[in-house]
Amino acid sequence: MENSILAYAEVTLDYGVMGLLILMSVLTLWLFIERMMFYSAVRVSDYESRDKLEMDLTDNISVISVIGSNAPYVGLLGTVIGIMLTFYTMGEVGTIDAKKIMVGLALALKATAMGLIVAMPAIIFYTILLRKVEKILTIFDIAQDKKTSN
């Protein structure tokens, strides 16, 4: 019974945590591409209000920020679970086999690595999008200044 629980925990770790991180990565990439396409098509002349433009420009970029800041924690959770499983297995066997310990710890650390691999591009994408928003809002402000000065 306990071996089946342990096997279930290992499968959950591999597919659950890694699946969640892959989903976060795909969502980040999709939102980044969608925002870049929107920014290339936006016409500031269609907007009367800066606030409305800013709302449209910043739509969904907070999700990218949330993914970038939380992906390492999801990976860390996977690592902690993996290390717990490794120690549990060592305790059940009763003998210490350095090879099995190292393999278990290495497999546990892959979740942290995956979390970082998801987080770093997400933060880069978020920064790029924020800069695009600033540039478009500046273009809007310049256009509004020209309207008022004429």
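This chain uses plain numbering: 1 for the first residue, then up along the sequence.
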**OP:** Hey, could you give me each pair passing salt bridge (charged side-chain N to carboxylate O under 4.0 Å, His left out) that has a residue in residues 22-45? Not counting sequence neighbours.
**Re:** Arg43-Asp46
Original post:
Other than Met120, what residues sit in its cluster of Ile, Leu, Val, Met, Phe, Trp and Tyr side chains whose heavy atoms are under 4.5 Å apart, directly or through others?
Top reply: Leu116
Original post:
Would a 4.5 Å heavy-atom cut-off, applied to side chains only, mark Asp56 and Tyr47 as touching?
Top reply: yes
Original post:
If every non-hydrogen atom of Ile61 is compared with every non-hydrogen atom of Leu57, which pair is closest and at what distance?
Top reply: CG2-O, 4.4 Å
**OP:** Could you note down all residue pairs passing ring pair (Phe, Tyr, Trp, His ring centres under 6.0 Å) where residues 105-139 supplies at least one of them, sequence neighbours left out?
**Re:** Phe32-Phe125
Original post:
Nearest heavy-atom pair of Met24 and Val118: which atoms, and what distance?
Top reply: CB-CG1, 4.2 Å
Subject >> 4.5 Å side-chain heavy-atom contact, Met114 and Val74 >> reply: no
Original post:
Side chains of Leu105 and Ile83: closer than 4.5 Å at any heavy-atom pair?
Top reply: yes
Original post:
Does atom OH of Tyr15 have more than 12 heavy-atom neighbours from other groups under 6.0 Å away?
Top reply: no
**OP:** Supply the members, apart from Tyr73, of the Ile/Leu/Val/Met/Phe/Trp/Tyr cluster built from side-chain contacts under 4.5 Å; use none for a lone residue.
**Re:** none
Original post:
Can Glu54 and Arg50 be counted as an ion pair, charged N to O under 4.0 angstrom?
Top reply: yes
Original post:
Under the ring pair (Phe, Tyr, Trp, His ring centres under 6.0 Å) rule, what pairs show up with a residue in residues 89-124, not counting sequence neighbours?
Top reply: none
Subject >> Of all pairs that satisfy salt bridge (charged side-chain N to carboxylate O under 4.0 Å, His left out), the ones with a partner from residues 102-115, not counting sequence neighbours >> reply: Asp14-Lys110
